[in-house]
Amino acid sequence: MLRRTARLLLSMVMLAVAGLAGVVATAGSAQADDCYTWSRTLSQGASGSDVTQLQIRVAGYPGYNAVLAIDGSYGPATAAAVKRFQAAYGLAADGVAGPATFSKIYALQDSDCTPAHFTYAELNTCNSTWAGGAVSAATAKSNALRTMWKLEALRHALGDQPIRVTSGFRSTACNSAVGGASNSRHLYGDAADLGSGPHSLCTLAKQARNHGFNGILGPGYPGHDDHAHVDHRPSKYWSAPTCGV
């Protein structure tokens, strides 16, 4: 918490300095972050690993019934997602990722690149290695990180109230133990089951339609009356009949 507070204060100072100097053209290495540091302003036409890192963090803002491709290419969809991210946090929504946008991301993430309100431990209560699923351990962990950033967007859209993750990554053994489907997305590390809390399961399922999830299952779908499920399956499948989804 102290580290995150320090980063937030640093971000505020950097924004103030940039504003006084009239400089918004480059991100600048002075905004170094424990996880990742952007060294240039990004806009449509840019490409590279820094665009990929940005896309991971704004993938929860693709718009209704859309999924942002994490492909390292800053096209119109990425610009639109950046605009929605900026608007969600009260920034100038111009679709250009510069100091203000990066400062907000720095303030939102922890040193292991996870967003402020979710952890790897939450997304994996199966084992500590992320091994044994349908993909490599590294891929499963990477998928979980992308899931967390979408959940952070969902959480923010719902008033920054807690979202309770009841299941994330599962190895084949863990999946079998809980009676999961043989082709469960939990085996890929890109799924999360959400329990009720400040928000009803239907509220979670309905709002998830705006945050880049191809898979949404909830009340009314067999076996999902006690949780809402979101995932990154290759094609869209939404079914929460009780909720009108």
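Bear in mind that the values here come from a model prediction, so they are computed numbers and not experimental data.
In this structure, E152 contributes its side chain and R57 its backbone to no donor-acceptor pair below 3.5 Å. Side-chain N or O atoms of R170 include none that pairs as donor or acceptor with a backbone N or O of C126 at under 3.5 Å. Judged by distance alone, with hydrogens and angles left aside, the side-chain atoms of R164 form a donor-acceptor pair with the main-chain N or O of S196 at under 3.5 Å.
Between F169 and W130, the ring planes lie tilted relative to each other; the angle falls in the 30° to 60° range. Note: W38 and Y106 have tilted aromatic rings, judged against thresholds of 30 and 60 degrees for the angle between ring planes. The aromatic rings of H224 and Y221 sit perpendicular to each other, their planes meeting at more than 60°, with 30° as the lower class boundary.
When all heavy atoms are compared, the tightest approach of I70 to A59 is CD1-CB, 4.0 Å. Contact between H199 and P162 at its shortest, heavy atoms only, is CD2-O, 4.3 Å.
Here R155 pairs with D160 in a salt bridge; the nearest charged N to carboxylate O distance falls below 4.0 Å. Under the 4.0 Å criterion applied to side-chain N and carboxylate O atoms, D112 and K141 are not assigned as salt-bridge partners.
Apart from Y188 itself, the hydrophobic cluster it occupies contains V135, L187, where clustering links Ile, Leu, Val, Met, Phe, Trp and Tyr at side-chain heavy-atom distances under 4.5 Å.
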What verdict does the side chain to side chain contact (heavy atoms under 4.5 Å, CB included) test give for L204 and L158, after you've listed the backbone C-alpha separation in whole Å, the side-chain angles of each residue and the deciding distance to 0.1 Å? CA-CA 9 Å; L204 293 169; L158 290 174; 3.8 Å; yes
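A donor-acceptor contact closer than 3.5 angstrom links the side chains of H229 and D193.
Looking only at side-chain heavy atoms (C-beta outward), L54 and Y36 stay at 4.5 Å or farther from each other. A 4.5 Å side-chain heavy-atom check between S167 and V178 finds every atom pair outside the cut-off.
With sequence neighbours left out, Y237 forms a ring pair (Phe, Tyr, Trp, His ring centres under 6.0 Å) with no residue at all.
Atom CD1 of I216 is separated from atom CZ of R209 by 7.5 Å, given to the nearest 0.5 angstrom. A distance of 12.0 Å separates CG in L154 from OG1 in T147, rounded to the nearest 0.5 Å.
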